[in-house]
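Report on the structure given below.
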Amino acid sequence: MKINIIGRGNVATHLIAALEGKVEIRQVNPHSLEGFDEKADVTIISVSDNAIRKVAEALPATSGIIAHTSGSTPIDVLDCRKEKTGVFYPLQTFTKGVELDYSEIPFLIEAKDTDTEKTLLDLAAKISNNVRIADSEKRKALHVASVFACNFANHLWAISEKLLNDNGLEFDIIRPLLKETLRKTEHLSPFDAQTGPAVRRDSKTIDTHLSLLENDRELMNIYQTLTSSIISSHHNK
C-alpha cells in the first residue's frame, strides 16, 4: 500500500513513525505539495483544521482515497474533491519526540462508501488494536470530551505546578496522586470517583483555598467555577 501523508506537525510525524515498515510512505510538504504521489492508495491530510480544505483543494487529481485526521472537522470538508474521501482520526495527544504505544491508540474511521471504509479500517489496523467507525457528530462529541479530559486537565496540572513552585515545592510530589486518580477510573466512573472539598461541601476548606488565591483573580475564578460545577452536579443528583 502506498500512502501520502501531508503535513509536518505532531500527528503527521507520529503517523509516519507508526506506519514505517508497514506501508510505503511519502511525506508531503503541505505548502508546496512536493513529494505527492498521484498513484498513492491513500492520501492523509494531517494539517491544522482550518487548513484542511485549502490543502484538499490544491491537491492534484489522484486515483486513491483522500482522508483527513481531524476529530472535530466533518467529512464534508472534503466534498471539494471528486475522489473517494474519509476520516482517519487517531485519538491521542501527540508530541514530537515522545514515544507512544501506537497499538493502544483508538482510531476512528468515517467514509461515505463501504470500500473506502474497509481500506481505511485495514490501514488503521496496521497500527492499532482499537479501530472503530464513528461519524462526524460522534467524533465532534469525542473531541470536545477529549479537550476536557486532556487539554483542560493538563492546563490545571500546569497551574498546580506553578502553585507548588511558588511555594518551594516540586511537581513530582503530586505525581502519585495523579496516577491514583487515573487508576481509579479503571473500576469507577469519574463521577463516582470524585473526592475533595467541593463534593463534601466543605466550605471552610474552600474558603481557605480562596484566601490563598486572593491575589490572583483569574485562579480564584477558575477555582470557584470548578467548585460550583462539582457541587451542582453531585448535589443536584
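The figures that follow rest on heavy atoms only: side chains count, while hydrogens, waters and symmetry mates do not.
Counting all heavy atoms, side chain and backbone alike, Pro90 lies closest to Thr69 at CD-O, 3.9 Å. Residues Leu78 and Ala56 approach most closely at CD2-CB, 3.8 Å, considering heavy atoms. Scanning all heavy atoms of the two residues, the minimum distance from Val199 to Ile230 falls at N-CG2, 3.7 Å. Shown here for His31 and Arg8, the closest heavy-atom pair between the two residues is CD2-NH2, 3.3 Å. The two atoms that bring Glu38 and Pro60 nearest to each other are OE2-CB, 3.8 Å, heavy atoms only. Taking both residues in full, the closest heavy atoms of Asn165 and Glu170 are given as ND2-CA, 4.2 Å, listed atom of the first, atom of the second, then distance.
Looking at heavy atoms from C-beta onward, Ile109 lies out of side-chain contact with Arg132 at the 4.5 angstrom threshold. Residues Leu15 and Phe88 have side chains in contact (heavy-atom distance under 4.5 Å, counting atoms from C-beta outward). Asn10 places none of its side-chain heavy atoms less than 4.5 Å from the side chain of Val98. Looking at heavy atoms from C-beta onward, Leu123 lies out of side-chain contact with Phe107 at the 4.5 angstrom threshold. Counting heavy atoms from C-beta on, the side chains of Asp79 and Lys112 come closer than 4.5 Å. Looking only at side-chain heavy atoms (C-beta outward), Ile5 and Leu19 come within less than 4.5 Å of each other. Ile222 is not listed as a side-chain neighbour of Thr225, based on a closest heavy-atom distance of 4.5 Å or more. Side-chain atoms of Asp135 and Val87, non-hydrogen and from C-beta on, never get closer than 4.5 Å to each other.
Put simply, CG on Asp192 and OG1 on Thr185 are 12.0 Å apart, with the number rounded to the nearest 0.5 Å. How far CD1 of Ile6 is from CD1 of Ile52: 11.0 Å, rounded to the nearest 0.5 Å. Here Leu212 contributes atom CG and Asp216 contributes atom CG; the two are 10.0 Å apart, rounded to the nearest 0.5 Å. In this structure, CD on Glu104 lies 9.0 Å from CD on Gln92, to the nearest 0.5 angstrom. A distance of 9.0 Å separates OG1 in Thr227 from NE2 in His209, rounded to the nearest 0.5 Å. The structure places CD1 of Ile66 at 11.5 Å from CD1 of Ile44, a figure rounded to the nearest 0.5 Å.
Residue Tyr102 is grouped with residue Ile16 when hydrophobic side chains (ILVMFWY) are merged at heavy-atom distances under 4.5 angstrom, including chains of intermediate members. Val144 and Leu91 end up in different hydrophobic clusters when Ile, Leu, Val, Met, Phe, Trp and Tyr side chains are linked at under 4.5 Å. One hydrophobic cluster holds both Val23 and Ile65 under the rule that ILVMFWY side chains link at heavy-atom gaps under 4.5 Å. Linking ILVMFWY side-chain heavy atoms closer than 4.5 Å, directly or via other members, places Phe36 and Ile25 in two distinct hydrophobic clusters. Taking hydrophobic clusters as Ile, Leu, Val, Met, Phe, Trp and Tyr residues chained together by side-chain heavy-atom distances below 4.5 Å, Leu59 shares a cluster with Val77.
In the displayed structure, Glu180 atom CD is contacted under 6.0 Å by more than 12 heavy atoms of other residues, nucleotides or ligands. Around the NZ atom of Lys22, the shell of radius 6.0 Å holds more than 12 heavy atoms that belong to other residues, nucleotides or ligands.
Here the side chain of Gln27 pairs a donor or acceptor atom with the backbone of Gly7 at under 3.5 angstrom. In this structure, the side chain of Asp41 engages the main chain of Lys2 through a donor-acceptor pair within 3.5 Å. Proximity of a side-chain donor or acceptor of Arg139 to a complementary backbone N or O of Thr73 within less than 3.5 Å is detected. Panel note: side chain Ser232, backbone Ser228; no donor-acceptor pair is recorded below 3.5 Å. Using modelled atom types, no side-chain atom of Glu34 and backbone atom of Asn29 make a donor-acceptor pair closer than 3.5 Å.
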TODO: Could you check Leu156 against Leu226 for side-chain contact (heavy atoms from CB on, under 4.5 Å), going step by step and ending with a plain yes or no?
DONE: CA-CA 11 Å; Leu156 295 177; Leu226 292 175; 4.0 Å; yes
- [ ] Any chance you could lay out the side-chain contact (heavy atoms from CB on, under 4.5 Å) test for Thr119 and Met1, step after step, and finish with the verdict?
- [x] CA-CA 10 Å; Thr119 298; Met1 185 179 284; 4.2 Å; yes
Open item on the list: With side-chain contact (heavy atoms from CB on, under 4.5 Å) as the criterion, how do Thr195 and Lys184 come out once you've worked through the C-alpha distance, each side chain's angles and the decisive distance to 0.1 Å?
Closed with: CA-CA 11 Å; Thr195 61; Lys184 283 196 295 185; 3.9 Å; yes
Open item on the list: Is there a side-chain contact (heavy atoms from CB on, under 4.5 Å) between Thr13 and Phe94? Walk through the geometry before answering.
Closed with: CA-CA 9 Å; Thr13 300; Phe94 294 100; over 6 Å; no
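Counting only N and O atoms by type, the side chains of Ser128 and Asn130 include no donor and acceptor under 3.5 Å apart. Ser136 and Asp76 are not linked by any side-chain donor-acceptor pair at a separation below 3.5 angstrom, with hydrogens and angles left out of the test.
A salt bridge between Lys204 and Asp207 is absent, with no side-chain N of the basic residue lying under 4.0 Å from a carboxylate O of the acidic one. The pair Glu186-Arg183 does not count as a salt bridge, with every side-chain nitrogen at least 4.0 angstrom from each carboxylate oxygen. Salt bridge Lys54/Glu57: absent, no basic N to carboxylate O contact under 4.0 Å.
Checked options Asp122, Asp115, Thr114; the residue passing with Lys118 is Asp122 (criterion: side-chain hydrogen bond (donor to acceptor under 3.5 Å, both in side chains)).
A centroid separation of 6.0 Å or more is found between the aromatic rings of Tyr89 and His68.
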